[in-house]
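Only one structure is covered here, and it is reproduced in the block below.
Below, read A as the first sequence line, B as the second, and so on, with proteins coming before strands; counting in each chain starts at 1.
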Protein chains: 2
Amino acid sequence: MLYSTIETLKKNQLSITDSRKKILEMFVRSKGALAHADIESQSGTEFDRVTIYRTLQTFVEKGIIHTIPTADNSVRYALCKDACTEGHHRDDHVHFMCDHCGTTYCLDHVHVPKVSLPEGFTSTQMDLVVSGKCMKCNH
Amino acid sequence: MLYSTIETLKKNQLSITDSRKKILEMFVRSKGALAHADIESQSGTEFDRVTIYRTLQTFVEKGIIHTIPTADNSVRYALCKDACTEGHHRDDHVHFMCDHCGTTYCLDHVHVPKVSLPEGFTSTQMDLVVSGKCMKCNH
DNA sequence: TAATATAATGCAACATTGTTGCAAAATATT
DNA sequence: AATATTTTGCAACAATGTTGCATTATATTA
């Protein structure tokens, strides 16, 4: 699938800026999820810390990326698939965190199975985070 | 089930202190999960902020409480059940976060269904966080 | 039970993470 | 190209979490 960062920004009515292009490119290139710190270190001193925060916030609002609930409660982001639109995220796929190398994967093709909730509880979103050893670390 | 905080502390070879007793009591009494801030506000100026951090840390290490991965990546803790022992947590039950009142529940009797992972991935833990409206907020 | 050893607490200082206001710079619009 | 709009970087701040160390509380021993 061809993924043009500029097209994505335009589609979401965002002005095309260096930081937005480069940060979005990082997500496209990265197989796993990214934390704020990853982006900060990968971009060196190119962007201000605040700009990165604001860019991530904007991308989340527009449904370009989504946050991942992780076992260690650190904040990570990953690209949304087509099902995500502004204001409404459908993140029903499974996330995998490798205990060994720390990489977080979106397992797009594994979806969260239904569970039956107790009387009176209704669900709008389900996040399944699996921890263990990934492909690479199982050699 | 009878739950003695003092017994629990002794069983885990922890010295019996005011803060440990009171913080553990809060968990026993609370239906939902607690964040550091909840404990801080409930206990007033009785304990230092640092003591609360250290107590929570100790309880996690001993397998008395566990952290809950939440949709908003805030850190919350809940009592572990018997299956949790020092150094090894089995938190295979489902957590529920109410979007409306913010309460986090451990749904002890709902367990996480198996999912089939891609080739090469092995799992040691699964955390399922369901968001929606709880019992109370569905009036 | 009193004396000693051990462990936990509170305080201060610091580190990290995230937020806000505002002037300067970049992008978009005409 | 000129103007309007948006984004950026900086500074300052707020919240959250950590560390070292003297003091205090708990546990152990005689």
Given DNA chain D, 5'-ward residue of the pair B/I16 and B/A37, judged by closest heavy atom: B/A37

In terms of side-chain geometry, is the basic nitrogen of A/E25 or A/R29 positioned less than 4.0 Å from the acidic oxygen of its partner? yes

Check every atom of C/dT9, D/dT26, C/dG21 against the side chain of B/R20 and return the nucleotide holding the closest atom. C/dT9

Among the candidates C/dT9, C/dG18, D/dT26, find the nucleotide nearest to the side-chain atoms of B/S15. D/dT26

What is the distance from CD1 of A/I52 to P of C/dT19, rounded to the nearest Å? 13 Å

Can you measure A/D18 atom CG to D/dG9 atom P for me and round it to whole angstrom units? 9 Å

Looking only at N and O atoms, is any donor in the side chain of B/R54 or the base of C/dG10 less than 3.5 Å from an acceptor on the other one? yes

Please tell me if the side chains of B/V110 and B/L128 come closer than 4.5 Å, counting only heavy atoms from C-beta onward. no

Value in whole Å for how far the C1' atom of D/dG9 lies from CD1 of A/I23: 14 Å

Any sub-3.5 Å donor-acceptor pair from B/R20's side-chain atoms to B/S15's backbone N or O? yes

Aromatic ring proximity B/F121/A/Y105, centre distance under 6.0 Å: yes

Which residue lies more 5' along DNA chain D, comparing B/Y53 with A/L14 via nearest heavy atoms: A/L14

When the distance from NZ of A/K22 to P of C/dA26 is rounded to whole Å, what number comes out? 14 Å

Grab the CG-C1' distance between B/D48 and C/dC11 for me, whole Å please. 7 Å

Could you give the NZ-to-P distance, from A/K21 to D/dT8, as a whole number of Å? 12 Å

Roughly how many Å is it from CD in A/E46 to P in D/dT7, rounded to a whole number? 18 Å

Got a second to check how far A/L56's CG is from A/I65's CD1, nearest 0.5 Å? 4.5 Å

Between B/Q57 and D/dT18, is there a side-chain N or O to OP1/OP2 distance below 4.0 Å? yes

How long is the line joining NZ of A/K10 and P of C/dT27, in whole Å? 14 Å

Looking across every strand, which nucleic acid part, if any, lies under 4.0 Å from A/E40 by heavy atom: base, sugar-phosphate, or nothing? nothing

base_contact_polar (C/dG18 base, A/R49 side chain, donor-acceptor, <3.5 Å): yes

Please determine, for the side chain of A/T17, which listed nucleotide (D/dT7, C/dG10, D/dT26) has the closest atom? D/dT7

In terms of side-chain heavy atoms of B/V50, which of D/dT26, C/dA12, D/dG9 is nearest? C/dA12

